[in-house]
Amino acid sequence: MAFNDTISVAKKLLGALLIHESPEGRTVGRIVETEAYLSNDPGSHSFRGRTPRNEQMFGPPGKAYVYFIYGMYHCFNVVTAANGVGEAVLIRALEPVEGISLMKKRRKTEDVQNLCNGPSKLVMAMGITKEHNGHDLKKGCLRIKMIDTRLKIVTTTRIGIKEGAKLPYRFYVKDCEYVSKK
DNA sequence: AGAGCGATGGCCT
DNA sequence: GGCCATCGCTCTA
């Protein structure tokens, strides 16, 4: 698929499968909540230009941007837009599909609805690490399988940011029990 | 059910 | 030195 128009990609990623083959086992989740971060967007890491941290956002689309936050968590993004343009889609929630027992072990909870309903939760459940920063999501151990669906999509504002808080750049699957916040 | 808050460290000004 | 695209615990209802 083309990873050019970031808003479109954020919507098209809903329903897609995120797959990770790790030494511990295979986990698969269906993407149910995303947020778009654009280049002219004050809420985006890329807004003030290229830095060592946000470097991957400016790279070619279809790669992973994994960043460290709050001293203890990581978040996972799909890089979008042309090479040189700093845009990405934050994955905020997954519906667990495969490897649920491994997800429970990694997350230290038995509650299936609490495994992947947040950007750092799904990173933990899927076994994603900072080593995946810059990884090509079209091939290899961590990849995305696009699924053509006709899901009902809710469009709303993003979570946990100050700048650009009113922009309608968060998207989730309507009536889905696995999103982080409705 | 919802508000408040501490943990914890790299990055940016 | 202040700021985070968060989470899980505690406290109040």
Side-chain angles (χ1 to χ4, degrees), chain A residues 3 6-14 16 18 27 29 31-59 61 63-81 85-96 102-135 137 142 144 153-173 176-182:
Chain A
F3 285 90
T6 299
I7 299 278
S8 299
V9 174
K11 294 181 188 173
K12 283 184 192 166
L13 280 170
L14 295 177
L18 180 62
T27 45
I31 297 171
V32 296
E33 180 180 349
T34 60
E35 284 180 0
Y37 286 88
L38 308 191
S39 55
N40 63 346
D41 165 9
S44 174
H45 289 171
S46 59
F47 184 63
R48 290 168 211 287
R50 205 185 276 244
T51 70
R53 178 210 206 189
N54 66 24
E55 177 63 26
Q56 286 301 327
M57 287 188 80
F58 291 85
K63 295 199 173 191
Y65 168 45
V66 180
Y67 66 86
F68 184 61
I69 190 71
Y70 295 121
M72 39 170 74
Y73 300 113
H74 293 273
C75 293
F76 168 74
N77 295 250
V78 178
V79 174
T80 55
V85 180
E87 305 199 346
V89 174
L90 172 68
I91 308 302
R92 282 198 56 91
L94 305 174
E95 173 185 341
L102 178 54
M103 290 185 184
K104 288 177 175 174
K105 182 178 152 200
R106 285 170 170 160
R107 288 275 299 118
K108 304 190 195 317
T109 176
E110 290 295 309
D111 180 358
V112 177
Q113 291 205 172
N114 192 32
L115 293 175
C116 299
N117 62 336
S120 298
K121 293 181 185 181
L122 72 90
V123 160
M124 290 184 267
M126 292 293 291
I128 295 169
T129 70
K130 61 180 174 6
E131 310 304 322
H132 292 103
N133 192 36
H135 178 90
L137 296 169
L142 180 66
I144 288 177
I153 298 173
V154 179
T155 300
T156 181
T157 53
R158 296 174 292 185
I159 292 177
I161 58 169
K162 280 186 174 164
E163 301 294 321
K166 295 176 119 174
L167 294 168
Y169 290 169
R170 184 165 75 101
F171 310 96
Y172 66 85
V173 177
C176 177
E177 297 307 307
Y178 297 95
V179 307
S180 69
K181 188 167 183 285
K182 307 232 176 170

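In this text, all values refer to a predicted model and were calculated from it rather than measured experimentally.
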A side-chain contact here means heavy atoms from C-beta on lying under 4.5 Å apart; do [X] and [Y] qualify?
| X | Y | answer |
| --- | --- | --- |
| A:Val66 | A:Phe76 | yes |
| A:Leu18 | A:Ile128 | yes |
| A:Tyr178 | A:Pro96 | yes |
| A:Asp41 | A:Glu87 | no |
| A:Val85 | A:Leu38 | no |
| A:Glu95 | A:Glu33 | no |
| A:Arg106 | A:Thr27 | yes |

Only counting residues at least two apart or in another chain, list the ones meeting side chain to side chain contact (heavy atoms under 4.5 Å, CB included) with A:Lys11. A:Ile7, A:Ile153, A:Phe171

Answer yes or no: are there more than 12 heavy-atom neighbours, outside A:Arg48 itself, under 6.0 Å from its atom CZ? no

State whether the number of non-hydrogen atoms from other residues, nucleotides or ligands found under 6.0 Å of A:Lys181 atom NZ is greater than 12. no

Check against side chain to side chain contact (heavy atoms under 4.5 Å, CB included), A:Lys121 and A:Arg92: CA-CA 9 Å; A:Lys121 293 181 185 181; A:Arg92 282 198 56 91; over 6 Å; no

Take A:Tyr65 and A:His45, measure what side chain to side chain contact (heavy atoms under 4.5 Å, CB included) needs, and give me the verdict at the end. CA-CA 11 Å; A:Tyr65 168 45; A:His45 289 171; 2.9 Å; yes

Contact residues, residues 36-53 of chain A to DNA chain B [heavy atom, < 4.0 Å]: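 Result for residues 36-53 of chain A: A:Arg48, A:Thr51, A:Pro52, A:Arg53, sorted by number.
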
Scan residues 104-116 of chain A against DNA chain B and write down, sorted by residue number, each residue with any heavy atom closer than 4.0 Å; if none is found, say none. none

Intermediate values then yes/no, side chain to side chain contact (heavy atoms under 4.5 Å, CB included), A:Ile159 and A:Glu35: CA-CA 9 Å; A:Ile159 292 177; A:Glu35 284 180 0; 3.9 Å; yes

Test the A:Arg53-A:Tyr67 pair against the cation-pi criterion, namely NZ or CZ under 6.0 angstrom from the six-membered ring centroid and within 45° of the ring axis.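 Verdict for A:Tyr67: a cation-pi partner in A:Arg53.
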
Relative to the ring of A:His74, is the ring of A:Phe68 parallel (under 30°), tilted (30 to 60°) or perpendicular (over 60°)?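 Judged by the thresholds at 30° and 60°, the geometry between A:Phe68 and A:His74 is tilted.
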
Using a heavy-atom cut-off of 4.0 Å to chain A, what are the terminal contacting nucleotides of DNA chain C, in 5' to 3' order? C:dC4 to C:dG8

Between which nucleotides of DNA chain B, 5' to 3', does chain A make heavy-atom contacts below 4.0 Å?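 That gives a stretch of B:dA7 to B:dT13.
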
Determine the interatomic distance between P on C:dA13 and the same-named atom on B:dC5; round to the nearest Å. 15 Å

So what is the 5' to 3' dot-bracket string for DNA chain B, if pairs are Watson-Crick or G-U wobble with both distances under 3.5 Å, crossing pairs use [ ] and | means the partner sits on another strand? |||||||.||||.

Give one of base, sugar-phosphate or nothing for A:Tyr73, where a contact means two heavy atoms less than 4.0 Å apart.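 The answer is base, as A:Tyr73 lies within the cut-off (heavy atoms under 4.0 Å) of a base atom.
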
